[in-house]
Amino acid sequence: MISKIPATIITGFLGAGKTTLIRHMLQNAQGRRIALIINEFGDLGVDGDILKGCGDETCREEDVMELSNGCICCTVADDFIPTMEKLLAREDRPDHIVIETSGLALPQPLVRAFNWPGISTQVTVDGVVTVVDGKAVTEGRFAHSVAAVDAQRKLDENLDHETPLSELFEDQIACADMIVVNKTDLLEGAEATALVGTLRGSSRSGVQVITTSMGKLPVDVLLGQGMGAEGDLEARHELHHHHNDDHGDDHHDDHDHDAFESFVVALGEITDPKAFSDQVSAIIRAHDILRLKGFAAVSGKPMRLTLQAVGPRVETYFDQPFSDVKRATRLVVIGQAGLDHAAIETALKSCAAVH
């Protein structure tokens, strides 16, 4: 049985920083073969050329496919589905598909498209990432340039929803599995904290809200969420039913600090995998850990236990024998800069000692 290719949908208004985020992802893809579907149109669209010119083997020109007939959510049957079928028919199938929507796209119709026959058996929505212009949203504008968004509307002859920006923003938040608050270097600390709190309060339970500037997210944070969003449409329905279901202006700055960090915690053997994973989930919540992954040695078991966590959602399974490899538990912790290494390590070691 062929495993499904994971696809990540990246949405957000024009100028939020989607293309910059994708470019950074490609330059740090860690060997993943990533195919891109870029939804741009009219004279405003330059995303495809920017990404084709990144000069990296992970973004070959043939791996960048452009949809130029208008807003992707309004041209699903005529544009998106044929493009996906063409991509899936290739012999060198990608490891991951990333879809950058136009700034006007409603994400829900696109997620629904992954239930189409021929698509549903081959691809799954790994996660929906909504990129937010932190400065614009704080100022109540939602988009970096409202005039540019209005110009984009006028260029799209196929657009069939006249959605106010505030309502479209709410739909993008409602569908998100991860919200990336970009351009936080332009905000005061208190402003960024307040915005994160507001977005957490208005999004679904378990949605991760991350702050960054210049779209600098580790690929292990952005990809590999494993949400299967196409099977969870009821939870992420449109707040405003204004769409027919039938069918970068990026800011550059001098901040180059790494806003994320990771470290390894080595533990002894554990005795109860279920109890251990439950405790790990609690530790993740308590310390705002984004990802946690690794292997555990379980007493009396010859196989190693693989552990992967996206936020507090922890999955475990036995994958292979330890054989000649030393039996040990090693977990990689990934989060935004400022994690309390000592407290997290102490909590994990205490958890392992009990379980």
Next on the checklist: So, applying side-chain contact (heavy atoms from CB on, under 4.5 Å) with I5, which one of D126, L87, I97, T124 is it?
Outcome noted: I97
Which atoms form the tightest heavy-atom contact between [X] and [Y], and what is the distance?
X    : Y    : value
K293 : D220 : NZ-OD2, 2.9 Å
Q279 : C351 : CB-SG, 3.0 Å
V298 : T271 : CG1-O, 4.2 Å
V123 : A7   : CG1-CB, 3.8 Å
G338 : E261 : N-OE2, 2.6 Å
C175 : Q108 : CB-NE2, 3.6 Å

Item to check | Worked check of salt bridge (charged side-chain N to carboxylate O under 4.0 Å, His left out) between R327 and E269 | outcome: CA-CA 8 Å; R327 291 176 60 87; E269 294 193 1; 2.8 Å; yes
Item to check | Residues forming a salt bridge (charged side-chain N to carboxylate O under 4.0 Å, His left out) with E139, sequence neighbours excluded | outcome: K135, R141
Next on the checklist: Is any side-chain heavy atom of L168 closer than 4.5 Å to one of F13?
Outcome noted: yes
Next on the checklist: In the structure I gave you, are the side-chain heavy atoms of I22 and E100 within less than 4.5 Å of one another anywhere?
Outcome noted: yes
Next on the checklist: Between F295 and F318, is the ring centroid distance below 6.0 Å?
Outcome noted: no
Next on the checklist: Here's a test for you: under side-chain hydrogen bond (donor to acceptor under 3.5 Å, both in side chains), which of D133, T138, T212 qualifies with K183?
Outcome noted: D133
Checklist entry - Nearest 0.5 Å, what's the CD-CE distance between Q27 and M25? => result 10.0 Å
Checklist entry - Are Q336 and T211 linked by a side-chain donor-acceptor pair shorter than 3.5 Å? => result yes
Checklist entry - Taking only residues two or more places apart in sequence or in another chain, which ones pass ring-ring contact (aromatic ring centres under 6.0 Å, His included) with H341? => result F263
Checklist entry - Given the rule in the side chain to side chain contact (heavy atoms under 4.5 Å, CB included) test, do V132 and V180 qualify, once you have shown the distances and angles that lead to the verdict? => result CA-CA 6 Å; V132 170; V180 178; over 6 Å; no
Next on the checklist: Taking the basic N atoms (NZ, or NE/NH1/NH2) and the acidic carboxylate oxygens, is any pair closer than 4.0 Å for R313 and E315?
Outcome noted: yes
